[in-house]
Amino acid sequence: MQVTPSGQPPIVQPRAATDLIDGKVNLLGLSRDELKDALREFGVPEKQLRMRTSQLWHCVYHRGATDFAEMTTISKDMRAKLEKHFIVKRPEIVEAQYSEDGTRKYLIRFADGNEAEAVYIPEEDRGTLCISSQIGCTLNCKFCHTGTMNLVRNLTAAEIVAQMMIARDDLDEWQDPTKGRQVTNIVMMGMGEPLYNFDNVKKALDIIMDEEGIQLSRRRITLSTSGVVPHMERAGREIGVNLAVSLHSPRNDVRSEIMPINKKYDLEQVLQACADYPGGSNSRRITFEYAMLKGINDSDADAKELVRLIRKYKLPVKVNLIPFNPWPGVNYECSDENRIKRFSDYIFKEGISAPIRTPRGRDIMAACGQLKSASEKKSKGQIFREDAAAKEAAN
Ligand code: SAH
Ligand code: SF4
């Protein structure tokens, strides 16, 4: 059993997923239109469809109901019928870890056995949930633990929304709305590159932003990209959330070395896409993320060049300096505290905000860039070798 730093057991214990009963449709993760279609197929008369869809939507997303018996706004008769065809099911929480600093990390196992992590980070004035968009990542940034995994698969919209539902369950947000929201912000900064799973991320965020459901404002959601230039404009136009861009160096040679995607979309292209980002303005600044790597990207010259580029492209940005978070086997070190401070001061003096992010949840490997799950995409060779080993062990 997991225990929180205060000695209390967490509200949600790791638990097994409810068994899917053949033919039952999981309502969690359906968009409003899909829910309506599912109800139509189920036989709800056309003139009741709008009302029934709203009722169910409200129960599933606003109240967090998982059991039809809790949906008391719906008649008993109707509930009994719905229960025969539908289910509202969360994925399994394999492990919930609690950091000394209050950060909570959830290891979530989806129906096919693959796993991803989500992290809740409480602060004085907000609570931020860091959500994963993929199992693994295609991009292999050298300083990122997720980058050591191959991409196993994209998460579905339902699996992305489920991370929010699981955190809200754990924080007991549904039962006691007077407590106020615990998850006030979302960052798409967990495992994976969200713009390489565009449609599912968009669908999930649309569900999360819906005004009759979870109701999280787009201003409280930030999507972080490593710089997938062709999808950045579309993200601004179609999703409309805040944008964060993983910059990490103002030099193409260094950026290409630490972030191989720079060979495809270089700095100039990324910066131009930032300048063109719909909705980027002084009141809604883009965030540049910058992991401080000792001896790699932390010199005075780097700070100077970064400022020059921000000015050149007239970017309304804030630079988030992230002390590098180590993980087993990595070859980089975090810049010294003084170096980070000096880097930050230089940028501030030039009139650009450059706060130093306090690392959170390092003790449970929940900080930026430390997430990883054991899921693997197995090659045919691997599967063959494992089968052979299993046979040998059985003999
Ligand atoms: N794939 C997306 C979002 C997930 S990573 C992206 O790359 O933007 C969230 C942030 O953490 C990114 O800025 C990423 O570059 C940064 N990061 C990755 N590994 C890190 C580490 N070990 N220490 C600090 N920041 C790291
Ligand atoms: Fe993928 Fe982002 Fe990690 Fe790079 S930093 S490997 S894009 S998750």
Side-chain angles (χ1 to χ4, degrees), residues 105 116-119 121 128-155 160 163 185-198 201 205 221-229 231-232 235 241-249 254-265 270 273-274 277 286-294 296-298 317-335 340 343 355-362 365-373 375:
K105 183 169 86 167
E117 296 186 314
V119 178
I121 308 139
T128 304
L129 184 67
C130 177
I131 292 184
S132 292
S133 56
Q134 298 183 310
I135 296 174
C137 189
T138 47
L139 291 175
N140 308 114
C141 302
K142 297 281 188 310
F143 49 81
C144 173
H145 206 194
T146 310
T148 63
M149 294 173 75
N150 287 327
L151 177 71
V152 178
R153 67 169 173 85
N154 281 334
L155 291 179
I160 295 169
Q163 297 174 55
N185 293 63
I186 285 182
V187 290
M188 295 301 302
M189 293 189 188
M191 293 164 58
E193 167 52 59
L195 294 188
Y196 277 149
N197 186 14
F198 194 99
V201 167
L205 292 181
I221 301 176
T222 301
L223 183 150
S224 172
T225 179
S226 55
V228 183
V229 168
H231 300 324
M232 284 167 64
V241 297
N242 304 315
L243 184 72
V245 176
S246 300
L247 208 75
H248 303 312
S249 169
V254 175
R255 196 166 187 268
S256 291
E257 169 60 31
I258 60 180
M259 300 180 70
I261 191 177
N262 193 66
K263 291 179 198 147
K264 199 161 180 189
Y265 309 117
V270 171
C274 291
Y277 186 69
I286 293 172
T287 304
F288 279 168
E289 293 167 284
Y290 201 103
M292 298 300 294
L293 304 166
K294 194 179 203 163
I296 305 284
N297 63 359
D298 61 353
V317 293
K318 153 184 165 191
V319 184
N320 242 344
L321 301 176
I322 317 173
F324 167 68
N325 295 305
W327 39 270
V330 72
N331 279 328
Y332 297 109
E333 278 179 73
C334 183
S335 311
I340 302 180
F343 199 91
I356 304 167
R357 205 189 276 174
T358 312
R360 298 292 303 267
R362 271 185 177 175
M365 288 287 286
C368 291
Q370 290 187 315
L371 304 186
K372 183 175 188 228
S373 73
S375 296

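For ligands, and for the atoms within them, numbers begin at 1 and follow the listed sequence. We use all heavy atoms of the structure for the numbers below, so side chains are in, but hydrogens, waters and symmetry mates are not.
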Hey, could you give me the [atom1]/[atom2] distance between [X] and [Y], rounded to the nearest 0.5 Å?
X	Y	atom1	atom2	value
I296	K142	CD1	NZ	11.5 Å
L223	I131	CG	CD1	11.0 Å
H145	C368	NE2	SG	14.5 Å

Is atom 4 (Fe) of ligand 2 less than 2.8 Å from an N/O/S atom of C141, whether that atom is in the backbone or a side chain?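 A backbone or side-chain N, O or S atom of C141 is under 2.8 Å from atom 4 (Fe) of ligand 2.
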For M188 and L205, what are the C-alpha separation, side-chain angles and deciding distance, and is it a side-chain contact (heavy atoms from CB on, under 4.5 Å)? CA-CA 10 Å; M188 295 301 302; L205 292 181; 4.2 Å; yes
Considering heavy atoms of the protein only, find what lies nearest to [atom] and give residue, atom and distance to 0.1 Å.
atom	result
atom 3 (Fe) of ligand 2	C144 SG, 2.4 Å
atom 1 (Fe) of ligand 2	C137 SG, 2.3 Å
atom 2 (Fe) of ligand 2	G192 O, 4.4 Å
atom 9 (C) of ligand 1	M189 O, 3.6 Å

Atoms of ligand 1, numbered as shown, that sit under 4.0 Å from any heavy atom of [X]:
X	answer
I322	24 (C), 25 (N)
G190	4 (C)
T225	6 (C), 8 (O)
E289	10 (C), 12 (C), 13 (O)
W327	22 (N)

Suppose I only count heavy atoms of [X] and a 4.0 Å limit; which atoms of ligand 2 are within that range?
X	value
S226	7 (S)
L139	7 (S)
G147	6 (S)
N140	6 (S)

Full working for side-chain contact (heavy atoms from CB on, under 4.5 Å) between V245 and Y277: CA-CA 11 Å; V245 176; Y277 186 69; over 6 Å; no
Could you go through the side-chain contact (heavy atoms from CB on, under 4.5 Å) check for L155 and Q163 one step at a time? CA-CA 11 Å; L155 291 179; Q163 297 174 55; 3.4 Å; yes
Taking the minimum heavy-atom distance to [atom], which of [options] ranks first?
atom	options	result
atom 22 (N) of ligand 1	Y290, Y196, F143, Y332	F143
atom 1 (N) of ligand 1	G192, P194, G227	G192
atom 8 (O) of ligand 1	S246, P323, G369, C368	S246

Between the side chain of [X] and the main-chain N/O of [Y], is any donor-acceptor distance below 3.5 Å?
X	Y	result
E289	I322	no
E193	S226	yes
R255	L247	yes
N320	F288	no
N197	S133	yes

For ligand 1, the portion of [X] having any non-hydrogen atom under 4.0 Å away:
X	value
N325	both
V330	neither
H248	side chain

Heavy-atom distances under 4.0 Å decide this one: backbone, side chain, both or neither, for T138 against ligand 2?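 It is neither; nothing of T138 touches ligand 2.
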